[in-house]
Amino acid sequence: MSESVTVPWVRGRKRRDGHEPVVMVTAYDEPWARLVDAAGVDLILVGDTLAEIVLGYEDTLSVGMDDMVHHVGAVARARSRALVIGDMPWMSYHTEPFDAVRNAARLIRAGAGAVKLEGGRRRLGAVRAILDAEIPVIGHLGLTPQSVHVMGGYKVQGRQVEAAEDLVADAVALGEAGCFGIVLEGVPDVLADRVTAEISVPTIGIGAGGGCDGQVLVLHDLLGMSKRPAPKFVRRYAEVGEIVTSAVAQYAADVRSGAFPADAESYHASSELREALTSRA
Ligand code: KIV
């Protein structure tokens, strides 16, 4: 468990070769990155869900490179065993391949060990250019939130045969281009299983069934801290939101009643200073 996770290590983690599933979770700042790393996750994704989960926007389209660089830096400063992956926000890789490389490099300079971007064959130009610059890339197919308007909402993808075959072809193309893994989001389990069987790099599922080579969840969903309704695929492992609200409510009550701070929580002066300050009162 102690050696740092590397891209080559991830690349080889196919379950069909007898490996345990890869564990990925999101984090957006130093304290949470430190805590999830201590829990032994393999990959920390600084996702563009930063937009909704931390910054209060409606969708992921609202964050840009400066936001992502800021938060990748915070996560990287946790100096984790886990590999930190920086998500490329919408419009950071959709124009010229040159822009894609420059933006990917900003995430690497901020401390990421790899980048993730959404889309299949239409994004191959960007993927190849980033890989050519020696920056590892993980793909993301299926329900890709940056395409919310094209999809007409957050809907499970690949339900029709043609769309499913398209997605398989996208996955094969990304694998052949050199991606070291592919996130599969919001697709039927049988489609995820087919992609997992077809490609030689790990699939990491989110709402893609139990047959992928790994799983990813948004941290605040699994901890019960997000305000958005949890999708069907989220399992809540704790109600941290309730714990936080009740702890802070107790603090507020103690301040208002005078129970906080107690004498032991205050600094005390020498008798000389005490006398000097109180004798003139
Ligand atoms: O941005 C994100 O958090 C993601 C995960 C949901 C895979 O892309």
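Just follow the structure's listing: the first ligand is 1, and inside any ligand the first atom is 1. It should be emphasised that the depicted structure is a prediction, and the values quoted were computed from it without experimental measurement.
Here K116 does not pair with D48 in a salt bridge; the nearest charged N to carboxylate O distance is not below 4.0 Å. A salt bridge between R79 and E30 is absent, with no side-chain N of the basic residue lying under 4.0 Å from a carboxylate O of the acidic one. Looking at K14 and D17, no side-chain N of the basic residue comes within less than 4.0 Å of a carboxylate O on the acidic one, giving no salt bridge. Between D166 and R121 a salt bridge is recorded (basic side-chain N to carboxylate O distance below 4.0 Å). The pair R81-E3 does not count as a salt bridge, with every side-chain nitrogen at least 4.0 angstrom from each carboxylate oxygen.
Of all heavy-atom pairs between G211 and D193, the closest is CA-OD1, 3.4 Å.
Residue R16 qualifies as enclosed at atom CZ: its count of foreign heavy atoms under 6.0 Å is above 12.
Heavy-atom contacts of G47 reach the following atoms of ligand 1: 1 (O), 2 (C), 3 (O) (cutoff under 4.0 Å). For ligand 1 and H140, the ligand atoms under 4.0 Å from any heavy atom of the residue are 8 (O).
For atom 6 (C) of ligand 1, the closest non-hydrogen atom of the protein is I206 CD1, 3.7 Å. For atom 4 (C) of ligand 1, the closest heavy atom belonging to the protein is L45 CD2, 3.6 Å. Nearest protein heavy-atom contact of atom 3 (O) of ligand 1 is T49 OG1, 2.5 Å.
Under 4.0 Å from ligand 1, not a single heavy atom of T60 appears. At a heavy-atom distance under 4.0 Å, no atom of L50 approaches ligand 1. The part of T26 lying near ligand 1 is the side chain, judged by heavy-atom distances below 4.0 Å.
The shortest heavy-atom distance from K116 to ligand 1 is under 4.0 Å.
Geometrically, ligand 1 and E185 share no nitrogen or oxygen pair separated by less than 3.5 Å.
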